[in-house]
Structure formats: structure tokens, C-alpha cells
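Here, residue 1 is the first one in the sequence, and each next residue gets the next number. When a ligand or atom number is given, it counts from 1 through the structure's own listing order.
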Amino acid sequence: MIIGKHRGTCATIDLGAIKHNLKIERQRMEPGQELFAVVKADAYSHGLIPVAVAAQEAGVDGFCVAVIDEAVELRENGITKPILILGASPETEAPYMAKFNLSTAVSDLHFLQTAQPLLAAQNLKLKVHLALDTGMGRIGFRDQETIKTAIEFMNQHQAQFEFEGIFTHFSTADSADDSYFKKQLNKFHELMEVVSKRPRYVHVANSAASIWHKQCGGNMIRLGIGMYGLNPSGKEVQLPHDVALKPAFELTSHIVEVKQVHPGDSISYGTTYTATKDEWIGTVPMGYADGWLRRMQGSTVLVDGQECEIVGRICMDQFMIRLPHEVPLGTKVTLIGENGRKQKTAQDAADYAGTIHYEILCSIGQRVPRFYV
Ligand code: PLP
């Protein structure tokens, strides 16, 4: 992957903000609960290793990722704390995961049955967290009988498996209407009835569940978006005032060309924008290949503390904005963050694009360099 280090477009990640958010979460947690930092998808685009190191410095107890390679990348960069892979992994990779001392979600019996002889052949033991599907409909055991069989199978093959955890994931923990959440929680309790000996970790809470359903228990929090300083519910539900999250992601660029256009002059592909009067137009070196999606045309960025509209189609590597007046080349452009007295948030971009802030952050491409403060 080529990183555009010499282009002037970059994401600045405030590791202090991430540490602050972790500290706040720690203060809110119950005694005995452990805090796992969710750093999948390149730490929600903030950069896997720098974020993991900061989180480790902030005292997290472990990490969650989505895929094996993310976990291995952590291990190869000196992260020794527990790492849980939340997604379903191929059974054939069980020995590979065990070699790196990883914990993995297991969502069906087939995984255990297939992995067992592979692990035995290499004298390896894998840490397992059984995933329970209580209503998310994604991965996991859905009935008591299969859970019982899975636990029995692990007990029969203790040389290959350590039953380390059991968990579920809520689909509406960020919603004001908690009826479906309660249904899932009840289902979790029902499924747990067959677990006679609780494993070390029983966990149900992501950021939203930790904020709005603190009482739902579990002894491990899987903190994702909250650690990056964003409200898990977007605009739908207001955070309580005592959770003072600090966003950690700033996205900036600069003006590389300024020109005056005249009535009738068009901007960008498809001539979707035509000036109706004399206007100052600035070119910004960021495009949809960097994750500022084509549908952001018409939204605004900040220059000198003023909102400037993106005019014309967003190109692969550049877009144009209408400036209030001529500005010097190199003038800072803020897409996410503060500029003057104004602020643009990932939530603003998400609202405009009709999506969620998670997706806005995850869309920012690898070509955009990350700098750390
Ligand atoms: N747990 C699981 C199983 C997840 O899939 C995710 C994220 O998608 C998280 C925890 C973290 O969620 P959040 O970023 O909303 O805290």
C-alpha cells in the first residue's frame, strides 16, 4: 500500500484522547470487570499498533480484533496481553491461532470437531470463547443442547481446548427502545442455564451496552467506538452527561490551487456544478480513493473557521470547494475536527452521507497517513 506522505492530507490521532476515554470507562466499570480494547479494522481506522500500544499504556486488560491477521500483527509488535478474535475463523487455522496464544470465538460444533485432531497432532491448545446468538443473527450457538454438547466436547478434549469465555452481542444496545435488548438478555440467561461451570470470561457489553445497560453484567467490556470518543448511538440517543468522551480522529488537508471562476464556468466531472457569479474555488487533494465518498458532494468542510461547500463531483484524488474569498495556497482544510471556532464531526459526515460514523472512519483509506499526538 502506498501512503501519501507528501501530499498534505492526513489524519491526526490524539492518543491522549484514547487514553482519556479508556480511563473514563475504567472509572465507570464495576470491580472485577476487565477492559478489552476493540482494535479491529485498523483500530477503527486510527492505526492498529499505535492505538494498541497507547491502550496498553492506559492499562487495558486485553484486545479484541475481528480476524486472525489483526491478532498476529499485534503479537508480532510485542502485544502480550490476551487477544480475542471476535469473528468466525476457519477451523483449519486453529493450530495457527494456538501458536500465537490467541483466544477465538467459536460459533459451532463443527469448528471444535474439525480443529481437535489438528491441534492434537501438533500438541497445541486453543482458548475458546463460545459465541451465543441471542438475536443478532450473525454467528453463534442458538440452543441449549448444542452449547451443552460443545462444552462436553471441550471437557473431553482438555488437552486441545481451554473453555475461556462465553459471550453474546446485542443488536439494539444503542437504541432508546430497550424491548429487543431485554429479549436478547433473557435469551442469554436462558442459554447460560446449561453452563454449569462458568468460564473465566462471561461478556456481553460493547460501548453502547456499557453506557446504557451497565446493569447487564458480565466481567469483561469490549469497548470499541467509545474508546475512540464517539457516541455509539450516533444522534439517536443522547449520552448521559457523565461520560465525557473525547474524539481522537482529526482529518485535514490543505488548498493546493485557488482560482476565480466566472458565471457559466463548470467544476468537475459531469458538469454538475456551474458558477452563477464570480466565485473563488479551491482544490483539495483528497478524494473518494481516500474515503471521502462521492456522495459527500454538497457537504461542507472548514477553512478559516468557515463552512465551504464541496462543489462538483468528488474525484478519485481531489475535490473542489467554494471559498468565501481568495486564500493563500496551503491554507488548512478541516474535514473532521476543529477549525477556528467551528467543528466538524464524523457524525456530521455520517448524517450527510446517510450512514454511521463507524463507516465514515473505516472508509478513510490507507493512503491517508496517520500522525500521532
Ligand atoms: N463486540 C463485538 C462482538 C463487536 O462486533 C463489536 C463491534 O462491532 C464490538 C464489541 C465493539 O462495538 P462498539 O464499537 O460499538 O463498542
Parallel, tilted or perpendicular: which fits the ring planes of Tyr358 and Tyr44, with parallel below 30° and perpendicular above 60°?
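The rings of Tyr358 and Tyr44 sit tilted, inter-plane angle from 30° to 60°.
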Proximity of Phe170 and Tyr180 rings by center, below 6.0 Å
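Between Phe170 and Tyr180, the centre distance exceeds or equals 6.0 Å.
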Which residue supplies the protein heavy atom nearest to [atom], what is that atom called, and how far is it?
atom                    : answer
atom 16 (O) of ligand 1 : Ser207 OG, 2.5 Å
atom 5 (O) of ligand 1  : Arg138 NH2, 3.0 Å
atom 12 (O) of ligand 1 : Asn206 CB, 3.5 Å
atom 4 (C) of ligand 1  : His169 CE1, 3.4 Å
atom 8 (O) of ligand 1  : Lys40 NZ, 2.7 Å

Thinking salt bridges, do [X] and [Y] make one under a 4.0 Å N-O criterion?
X      : Y      : answer
Glu309 : Arg322 : yes
Asp317 : Arg367 : yes
Lys81  : Glu34  : no
Lys344 : Glu338 : no

Of all the atoms in ligand 1, which lie at a distance below 4.0 Å from a heavy atom belonging to [X]?
X      : value
Tyr358 : 13 (P), 14 (O), 15 (O)
Tyr44  : 7 (C), 11 (C), 12 (O), 13 (P), 14 (O)
Arg222 : 1 (N), 2 (C), 3 (C), 10 (C), 11 (C), 16 (O)

With backbone taken as N, CA, C and O and side chain as the heavy atoms from C-beta onward, which portion of Ile225 lies under 4.0 Å from ligand 1: side chain, backbone, both, or neither?
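Answer for Ile225: both.
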Gap between atom CZ of Phe153 and atom CG of Leu109 - 0.5 Å precision
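Result: 7.0 Å between the selected atoms.
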Any N or O on Gly224 sitting closer than 3.5 Å to an N or O of ligand 1?
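Yes.
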In this structure, does ligand 1 have an atom that sits under 4.0 Å from one of the heavy atoms of His203?
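Contact absent.
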Are Tyr352 and Met286 co-members of a hydrophobic cluster defined by side-chain heavy atoms under 4.5 Å apart?
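Hydrophobic grouping puts Met286 with Tyr352.
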